Chemist: 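I have a structure here, written as structure tokens, and I will follow up with some questions on it.
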Amino acid sequence: MTNQKKRDALHTEIKIRDVVKSEASDLSELALRSKAYWGYSPEFMEECTDELTFSAAQIESAEYIFKAAEDSQKILGFYALQKIDTSRFELEALFVDPDHMGIKVGTALIEDAKKTALQQGALSIHIQSDPNAETFYKNAGAINIGQRESGSISGRFLPLLTIDLH
């Protein structure tokens, strides 16, 4: 299916909903497929596995908000927000299934994350971005505020971004 056909099919069918704890392994698998899309080596992906594995406990925790974008058949992508303090959230994850990249699923997810964080009283969302996703986040209103060491790979520094919500 071409991207245009996918986009047309999703135009009315895509919805964003809360994730349930039984979907933890599905989200983890989707995150790994999405990360691998960028051509990282098997060794690199192995180093990222723990950081890209989500648990039922995380999904149920009051510290996190997990939401999924889906069509009538499956999860197309998801995000996770972690509450850092009363006015700041961190985008812990935002992944789109590689078969559905380029058709605005990620845009729908980041816009929902911004709306959700704002409704929860956040003034900003911080994002530790994969370098391949930095432009996507900047197009969503993020600005670069520095860098942070990867939680998976020692010595690898990633762009640190913020989206101002007020």
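Remember, predicted model here, so these are calculated numbers, not experimental data. In what follows, residues are counted from 1 in the order of the sequence shown.
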Chemist: Under a single-linkage definition using a 4.5 Å side-chain heavy-atom cutoff for Ile, Leu, Val, Met, Phe, Trp and Tyr, are Trp38 and Phe78 assigned to the same hydrophobic cluster?
Modeler: yes
Chemist: Taking Lys114 for its side chain and Ile163 for its backbone only, find out whether a donor-acceptor pair lies under 3.5 Å.
Modeler: no
Chemist: When you look at Gln128 and Glu90, which way does the side-chain contact (heavy atoms from CB on, under 4.5 Å) test go after all the steps?
Modeler: CA-CA 8 Å; Gln128 179 178 296; Glu90 177 137 357; 4.1 Å; yes
Chemist: Is Ile75 close to Asp97 at the side-chain level, that is, under 4.5 Å between some pair of heavy atoms?
Modeler: no
Chemist: Starting at CD1 of Ile127, measure out to CZ of Arg148 and round the result to the nearest 0.5 Å.
Modeler: 10.5 Å
Chemist: Salt bridge or not for Glu63 and Lys83, using N-O below 4.0 Å?
Modeler: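 Salt bridge absent between Glu63 and Lys83.
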Chemist: Search all heavy atoms of Arg156 against all heavy atoms of Pro131 and return the closest pair with its distance.
Modeler: NH2-CD, 3.5 Å
Chemist: Just by distance, do the side chain of Glu23 and the backbone of Val20 share a donor-acceptor pair under 3.5 Å?
Modeler: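 Yes, because the side chain of Glu23 sits within donor-acceptor range (under 3.5 Å) of the backbone of Val20.
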Chemist: What do the steps show when you test Glu51 against Ser152 for side chain to side chain donor-acceptor pair (under 3.5 Å), and what is the final call?
Modeler: CA-CA 6 Å; Glu51 193 173 11; Ser152 299; 2.3 Å; yes
Chemist: So how far is it from Ser55 OG to Glu60 CD, rounded to the nearest 0.5 Å?
Modeler: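 Ser55 OG to Glu60 CD: 9.0 Å, rounded to 0.5 Å.
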Chemist: Side chains of Leu32 and Thr49: closer than 4.5 Å at any heavy-atom pair?
Modeler: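 Yes, their side chains come closer than 4.5 Å.
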Chemist: Using a strict cut-off of less than 4.0 Å between a Lys/Arg side-chain nitrogen and an Asp/Glu carboxylate oxygen, indicate whether Lys15 and Asp71 qualify as a salt bridge.
Modeler: no
Chemist: Do Glu149 and Leu158 come within less than 4.5 Å of each other through their side chains, counting heavy atoms only?
Modeler: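 Sidechains of Leu158 and Glu149: no contact.
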Chemist: With clusters defined by side-chain heavy atoms of hydrophobic residues (ILVMFWY) lying less than 4.5 Å apart, directly or transitively, does Tyr37 cluster with Leu30?
Modeler: yes
Chemist: Considering only NZ, NE, NH1 and NH2 on the basic side and carboxylate oxygens on the acidic side, decide whether Glu70 and Arg17 come within less than 4.0 Å.
Modeler: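 Yes, charged N to carboxylate O under 4.0 Å.
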Chemist: Looking at side-chain heavy atoms only, is the closest gap between Gln120 and Ile65 below 4.5 Å?
Modeler: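 Yes, side chains in contact.
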Chemist: Less than 4.0 angstrom from a charged side-chain N to a carboxylate O is my criterion; do Lys138 and Glu134 meet it?
Modeler: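 Salt bridge between Lys138 and Glu134, a charged N being under 4.0 Å from a carboxylate O: yes.
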Chemist: Kindly give the heavy-atom pair with the smallest separation between Asn144 and Pro159, and that separation in Å.
Modeler: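 Looking at all heavy atoms of both residues, the closest pair is ND2-CB, 4.0 Å.
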Chemist: Given the rule in the side-chain contact (heavy atoms from CB on, under 4.5 Å) test, do Leu91 and Tyr79 qualify, once you have shown the distances and angles that lead to the verdict?
Modeler: CA-CA 7 Å; Leu91 187 67; Tyr79 72 81; 4.1 Å; yes
Chemist: Looking only at heavy atoms, what is the nearest atom pair of Leu109 and Lys67, with distance?
Modeler: CD2-O, 4.3 Å
Chemist: Working to the nearest 0.5 angstrom, can you tell me the gap between Tyr137 OH and Asp130 CG?
Modeler: 8.5 Å
Chemist: Main chain of His126, side chain of Thr162: is a donor-acceptor contact present, judged purely on distance under 3.5 Å?
Modeler: no
Chemist: Does Leu94 belong to the same Ile/Leu/Val/Met/Phe/Trp/Tyr cluster as Ile84, with side-chain heavy atoms less than 4.5 Å apart forming each link?
Modeler: no
Chemist: So do the side chains of Leu52 and Lys35 get within less than 4.5 Å of each other, counting heavy atoms only?
Modeler: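 Side chain of Leu52 against side chain of Lys35, heavy atoms only: contact under 4.5 Å found.
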Chemist: Check whether Thr116 reaches the backbone of Asp112 with its side chain - one donor and one acceptor, N or O, closer than 3.5 Å.
Modeler: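 Yes; at least one donor-acceptor contact below 3.5 Å.
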Chemist: State, yes or no, whether a side-chain contact exists between Met101 and Ser34 at a heavy-atom distance under 4.5 Å.
Modeler: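 Yes, at least one pair of side-chain atoms sits under 4.5 Å.
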Chemist: Heavy atoms only: give me the nearest Phe66-Leu27 pair and the separation to one decimal.
Modeler: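 That closest heavy-atom pairing would be CD2-CD1, 3.9 Å.
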Chemist: If you compare all heavy atoms of Ala36 against all heavy atoms of Met45, which two are closest, and at what distance to 0.1 Å?
Modeler: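 It is N-CE, 3.7 Å.
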Chemist: If every non-hydrogen atom of Leu81 is compared with every non-hydrogen atom of Phe89, which pair is closest and at what distance?
Modeler: CB-CD2, 3.8 Å
Chemist: In Å and rounded to the nearest 0.5 Å, what is the CD to CG distance from Gln147 to Leu161?
Modeler: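 Spacing of CD (Gln147) from CG (Leu161) equals 11.5 Å.
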Chemist: Between the side chains of Asn132 and Tyr40, does any donor sit under 3.5 Å from an acceptor?
Modeler: yes
Chemist: With a 3.5 Å distance limit and no angle check, can you tell me whether Ser28 reaches the backbone of Phe54 through a side-chain donor-acceptor pair?
Modeler: yes
Chemist: How about Ser87 and Asp85: do any of their side-chain heavy atoms sit closer than 4.5 Å?
Modeler: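 They are in side-chain contact.
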Chemist: side-chain contact (heavy atoms from CB on, under 4.5 Å), that's the test. Do Leu118 and Leu165 meet it? Break it down for me.
Modeler: CA-CA 7 Å; Leu118 191 58; Leu165 299 174; 3.9 Å; yes
Chemist: Decide whether Leu160 and Ile143 are clustered together by the hydrophobic rule: side chain heavy atoms of Ile, Leu, Val, Met, Phe, Trp, Tyr closer than 4.5 Å, transitively.
Modeler: yes
Chemist: Could you walk me through whether Arg88 and Ile125 pass the side-chain contact (heavy atoms from CB on, under 4.5 Å) test, one step at a time?
Modeler: CA-CA 6 Å; Arg88 188 170 48 111; Ile125 299 174; over 6 Å; no
